[in-house]
Amino acid sequence: MPIPSRRPAAVTLFARPAAILLAGLLSLSGLPAVAQSPADEEVATVHGLALYGEPGLPAGFEHFPYVNPEAPRGGTLTQAAVGGSFDSTNPFIIRGTPAAGVSRIYDTLLEGNPDEPFSLYGLLAEGIRLDPEREWIEFDLRPEARFHDGEPVTAEDVVFSFSLLTEQGNPFYGAYYADVESVTALDEDTVRFDFASSHSRELPLIVGQLPVLPKHYWEGRDFSSPTLDAHPGSGPYRIAEVDPGRRIVYARVEEYWGRDLAAKRGRHNIDRLIYDYYRDRDIAWEAFKAGILDYRVDARAATWATGYDFPAFEEGLVKKVSVPDGQPAPMQAFIFNLRKETFQDPRVREALALTFDFPWLNANIFYDAYRRTESFFQNSEMAAEGLPSDAELEVLEPWRDALPDDVFSEPLPMDHPETLRERLRLALDLLREAGFEVRDGGLVDADSGRPLELEVLLYDTGMERVVQPMLRNMARLGIRGTIRIVDINQYLNRLRSFDFDMVVGQFPQSNNPGNEQREFWTSDYAEVPQSRNLMGLADPVVDDLVDRLIRADSRDTLNTLTRALDRVLRHRFIVIPHYHSGETRLAVWDKFGWPEPSPEYGMDLEAWWVDPERAATIERRQQGG
């Protein structure tokens, strides 16, 4: 039967006006019930949203297809958090270092299915209505939804959360939700988001990703300051133990309100999730071998190739697992601080990039386990290749005078020499073109006499073996390069104040890039502390391409715009790209079960479980029984 629309109540939050108009059509699928909009239009109430086409699962589905709905519950999973300590259980703010895994205590309006590229299904919200003109979206909250302290989750909590995150939270939230004009509690369990644009494709979905915080808890507290309190969420885990800087423990909520929902059935099976903190990756590795840790992501190729020669592995009690990546490979790279005079000239940046000798690293350190990352959308149809297509040229032509000729005339990947000697010769030519010359064995600016020098800032000693060969190659050109390793808190403080020359960073991409690209690349975030525009890029060409990407109204248009953006970013030489493997390498003590095959678009650790018999066998072995 028709569901009457709720008329707006008094609780309304107005966000800042949107600066960007989005375009597109959002496809919906789900329940046949309808609602009367304020304009008296019938709007279907649906169970899910999809970016393209319809959600893959129908209304009334019982669980995600890849999970084991009969998975046993119980047991413990202990893993390492490497790189220092933590001083906050609030992951949403700039200040402090948040505890690992703390996002698990929160629920969102909708839940993603890792087996689909970008579809979301009801979690806190059981019904969704999207205006046919795409000017607003409404969510009906589940009346049974509860925070850990037993208080109901209401529409006012959603309004409050949006305000709190966009006004006092990390800059990411302001960027992600920039085109939300207002948020209104229509009644106790219905919330409405009005959009500044009437042609948004992605925005209704990313609004559904909003974490909902309890108003009754946070109102009157200082949200912007770090805290170690075990504050309540509404998610499947709660904070059970906080040992500041050393350990944090999450306990499964036995009476979790959403445990029987289709999006949750067969997931969140493990009773206790423990993060132990280690300052050194090697010490964490020894703890894993000793059975103190159960699970690790093995990011070190040498360890993966030669390190598994300890008794537990030889006895079959430890397993190595490789999970293919279903998303584009993230761009991990050395990031230049473009705010520094040293890195103003793109010829200098290109020359420095030529000193990174990936073939040598791969052969001598990585056991040929990696491939060079070249694109910001690597391993996807969105990566630029060859010369610009006619569609790309149409996008780029208005900016021809602002772009290097190479963008239009040189194919990608760039034709850089393979051998180190030739790479360094080209680098020196570029540096001379940029006005540098060699004096007394050092490279200096010919006019000012200022030496070319830089510091690579790290918080993890594991990257030293990657940095040192590059610095040796720079030294052959007369460049003075050093490494500075600091603790994680000092590292974060230096990032926030832009007090660095080069750092290691990562730009993860999904198969459907959108609003997050603002924070990665655009001028609005170049000087915002703790934004992901670490390099301080402020480029009108990039700003325009990002705006148009967000407004893409078809998959073909999106692909064209990402290729154009990729092409421009690569010719700007804003980073020195690293490498990728195309898979996630895991090592686990053999007490876990997991769905096979893994979801297409990423492993779901939340669908793992502890096998009681195998866990008992390992426990007896570790106790010497």
Cation-aromatic face contact Arg563/Phe377, 6.0 Å, 45 degrees: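 The answer is no; the distance or angle limit is not met.
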Verdict with reasoning, Asn364 to Arg465, per side chain to side chain donor-acceptor pair (under 3.5 Å): CA-CA 11 Å; Asn364 292 277; Arg465 63 198 184 123; over 6 Å; no
Counting distance only, does the side-chain N/O of [X] pair as donor-acceptor with the main-chain N or O of [Y] below 3.5 Å?
| X | Y | value |
| --- | --- | --- |
| Arg349 | Arg572 | yes |
| Tyr277 | Ala100 | yes |
| Tyr525 | Ala175 | yes |
| Arg480 | Gly442 | no |
| Ser497 | Asn493 | yes |
| Gln378 | Ser375 | yes |
| Asn337 | Asp501 | no |
| Thr306 | Ala302 | yes |

Are the side chains of [X] and [Y] in touch, meaning some heavy atoms are under 4.5 Å apart?
| X | Y | answer |
| --- | --- | --- |
| Glu341 | Arg450 | yes |
| Leu443 | Leu428 | yes |
| Phe334 | Met470 | yes |

With rounding to the nearest 0.5 Å, note down the distance linking [atom1] in [X] to [atom2] in [Y].
| X | Y | atom1 | atom2 | result |
| --- | --- | --- | --- | --- |
| Gln468 | Met463 | CD | CE | 11.5 Å |
| Asp460 | Ile485 | CG | CD1 | 8.0 Å |
| Ile550 | Asn515 | CD1 | CG | 4.5 Å |
| Phe343 | Leu452 | CZ | CG | 7.5 Å |
| Asn113 | Leu120 | CG | CG | 9.5 Å |
| Tyr459 | Asn489 | OH | CG | 12.0 Å |

I'd like to know if [X] pairs up with [Y] as an ion pair, taking the criterion as any Lys NZ or Arg NE/NH1/NH2 lying under 4.0 Å from an Asp or Glu carboxylate oxygen.
| X | Y | answer |
| --- | --- | --- |
| Asp298 | Arg585 | no |
| Arg567 | Glu392 | yes |
| Asp566 | Arg570 | yes |
| Glu202 | Arg551 | no |
| Asp282 | Arg300 | yes |
| Arg423 | Glu418 | no |
| Glu350 | Arg347 | no |

Using the ring centroid of each side chain, check whether [X] and [Y] are separated by less than 6.0 Å.
| X | Y | value |
| --- | --- | --- |
| Tyr370 | His580 | no |
| Phe313 | Trp304 | no |
| Trp521 | Phe376 | yes |

So for atom [atom1], which belongs to [X], do other residues, nucleotides or ligands contribute more than 12 heavy atoms lying within a distance under 6.0 Å?
| X | atom1 | value |
| --- | --- | --- |
| Glu385 | CD | no |
| Arg476 | CZ | no |
| Lys320 | NZ | yes |

Mutual orientation of the aromatic rings belonging to Phe507 and Phe520 [parallel < 30°, tilted 30-60°, perpendicular > 60°]: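 The arrangement is perpendicular - the two ring planes meet at more than 60°.
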Aromatic ring pairing His571/Phe573, orientation class (parallel under 30°, perpendicular over 60°, tilted between):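 It falls in the perpendicular class, over 60°.
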Nearest heavy-atom neighbours spanning Glu455 and Arg494: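 Smallest heavy-atom distance, with atoms named: OE2-NH2, 3.0 Å.
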Ala301 to Ala369 - nearest heavy-atom pair and separation: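 Heavy atoms of Ala301 and Ala369 come nearest at CB-CB, 3.9 Å.
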Polar side chain donor-acceptor pair, Glu600 to Tyr66, under 3.5 angstrom: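 Distance-only check fails for Glu600 and Tyr66.
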Steps toward salt bridge (Lys or Arg N to Asp or Glu O under 4.0 Å) verdict (Glu516, Arg532): CA-CA 9 Å; Glu516 75 287 344; Arg532 289 184 286 185; over 6 Å; no
